[in-house]
Enquirer: 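Got a structure here, written out as structure tokens. Questions coming.
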Amino acid sequence: MTIISPSVLSADFANLAEDIKKVEAAGAKYLHLDVMDGIFVPNITFGAPVISAIRKHSNMVFDVHLMIDRPERYIDDFVKAGADIITIHIESTDKVLETLRYIRSKGLKAAISVKPNTPIEEAFFYLCELDMVLIMTVEPGFGGQKLIPETLAKIKALKKYCDENNYSIDIEVDGGIGPDNVGLLTSNGANIIVAGSAVFKAADYSKVISKMIAEGDRNSYKS
Ligand code: DX5
Ligand code: ZN
């Protein structure tokens, strides 16, 4: 079953609570929260205080994507803010394993993300210590970019490796995804789909989310 995780990055920041309630009412089960520090990526967004403020307005799964340098310094803040899943970038720290274990020790789901140019094989080592791998389908930093087609092969390779080695994890994809190409991602093995502009720039959130779930399911991965 395809899960859509709308990215707040494309929401109306002046009316965040309203936008989030609308997306939840439209059928979204996850909410993707892009935290950027202007160092790991060339953009700055928001941090734990904003997540904590919107937590009161939503029951969705808070899917926190940390695009920050040495994220291990801030895990406690995001746990307290109400994150359900915390994703760290494999390229952002030399403490990947310790940080994944720490996130799980707090009762949360732990995930790693890989940028488009990072070989997916680098994620294999961590698979028994995590719940999800987030494969970036654009360079992290900004919403509204075009999906990089070369990243599709990474999804397939990860799915194959997980199947062969009995790892039952979620595969999330992020960047440049909408109703027209979601099937490409799910057919390669992704099951959690981040969508920023495709959802928040649409006139009807419910229509676009339902269409993306239907298209994702219709094209879902067959081994
Ligand atoms: C990019 C972020 C994405 C972004 C996706 O660095 O990680 O989550 O919001 O936006 P769209 O769906 O517009 O490409
Ligand atoms: Zn993201």
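In listed order, ligands and their atoms are each counted from 1. Just so it is clear, the values below take in all heavy atoms, side chains as well, and ignore hydrogens, waters and symmetry mates. Since the model is a prediction, treat every value here as computed from it, not as a measurement.
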Enquirer: Looking at Phe62 versus Phe78, is the centre-to-centre ring distance below 6.0 Å?
Expert: no
Enquirer: Charged N to carboxylate O under 4.0 angstrom, Asp204 versus Lys211?
Expert: no
Enquirer: Enter the distance from Lys95:NZ to Tyr102:OH here, rounded to the nearest 0.5 Å.
Expert: 14.0 Å
Enquirer: Show which atoms of ligand 1 fall inside a sub-4.0 Å distance from at least one heavy-atom site of Asp174.
Expert: 2 (C), 3 (C), 4 (C), 5 (C), 7 (O), 8 (O)
Enquirer: What protein heavy atom sits nearest atom 10 (O) of ligand 1, and how far away is it?
Expert: Gly143 CA, 3.5 Å
Enquirer: Only one of Val50, Thr45, Ile51 clears side chain to side chain contact (heavy atoms under 4.5 Å, CB included) with Leu33; which?
Expert: Ile51
Enquirer: If I take atom OG from residue Ser187 and atom CG from residue Leu152, how far apart are they, to the nearest 0.5 angstrom?
Expert: 8.0 Å
Enquirer: May I ask you to identify the nearest protein heavy atom to atom 9 (O) of ligand 1, giving residue, atom name and distance to one decimal place in Å?
Expert: Ser7 OG, 2.8 Å
Enquirer: Say you draw a straight line from CD1 of Ile103 to CG of Leu108; how long is it, rounded to the nearest 0.5 Å?
Expert: 7.5 Å
Enquirer: Looking at Asp34, pick out the N, O or S atom nearest to the Zn ion (ligand 2) and give its name.
Expert: OD1
Enquirer: Run the numbers for me: atoms of ligand 1, each under 4.0 Å from some heavy atom of Ser197, listed by number.
Expert: 11 (P), 12 (O), 13 (O)
Enquirer: Could Lys115 and Phe40 be counted as a cation-pi pair, given that NZ or CZ must be under 6.0 Å from the ring centre and within 45° of the axis?
Expert: yes
Enquirer: At less than 4.0 angstrom from any non-hydrogen atom of Met36, what atoms of ligand 1 do you find?
Expert: 6 (O)
Enquirer: Quick check: of its N, O or S atoms, which one does His65 have closest to the Zn ion (ligand 2)?
Expert: ND1
Enquirer: Hey, does Gly176 come in under 3.5 Å of ligand 1, counting only N/O atoms on both sides?
Expert: yes
Enquirer: Could you check atom 1 (C) of ligand 1 against the protein and tell me its nearest heavy-atom contact, residue, atom and distance included?
Expert: Phe142 O, 3.6 Å
Enquirer: Which atoms of ligand 1 are found less than 4.0 Å from any heavy atom of Ala195?
Expert: 12 (O)
Enquirer: Would you sort out whether Lys159 and Ile171 count as a side-chain contact (heavy atoms from CB on, under 4.5 Å), showing the intermediate values?
Expert: CA-CA 8 Å; Lys159 183 67 181 163; Ile171 302 181; 4.0 Å; yes
Enquirer: Would you mind running through ligand 1 and noting each atom that sits below 4.0 Å from a heavy atom of His65?
Expert: 7 (O)
Enquirer: Can you tell whether the side chains of Arg70 and Asp94 come within less than 4.0 Å, N to carboxylate O?
Expert: no
Enquirer: Run the numbers for me: atoms of ligand 1, each under 4.0 Å from some heavy atom of Asp34, listed by number.
Expert: 2 (C), 3 (C), 4 (C), 7 (O), 8 (O), 9 (O)
Enquirer: Atom 12 (O) of ligand 1: which protein heavy atom is closest, and how many Å away?
Expert: Gly196 N, 2.8 Å
Enquirer: Closest non-hydrogen protein atom to atom 6 (O) of ligand 1, residue and atom name please, with distance?
Expert: Gly141 N, 2.7 Å
Enquirer: So which N/O/S atom does Asp174 have closest to the Zn ion (ligand 2)?
Expert: OD2
Enquirer: With heavy-atom distances below 4.0 Å as the criterion, list the atoms of ligand 1 near His32.
Expert: 8 (O)
Enquirer: Enter the distance from His89:NE2 to Thr99:OG1 here, rounded to the nearest 0.5 Å.
Expert: 13.5 Å
Enquirer: If the contact criterion is a heavy-atom separation under 4.0 Å, does Ala198 count as touching ligand 1?
Expert: no
Enquirer: Out of all atoms in ligand 1, which are within 4.0 Å of some heavy atom of Pro140? Include the element for each.
Expert: 6 (O)
Enquirer: Distance check, rounded to the nearest 0.5 Å: Ile3 atom CD1 versus Ile192 atom CD1?
Expert: 4.5 Å
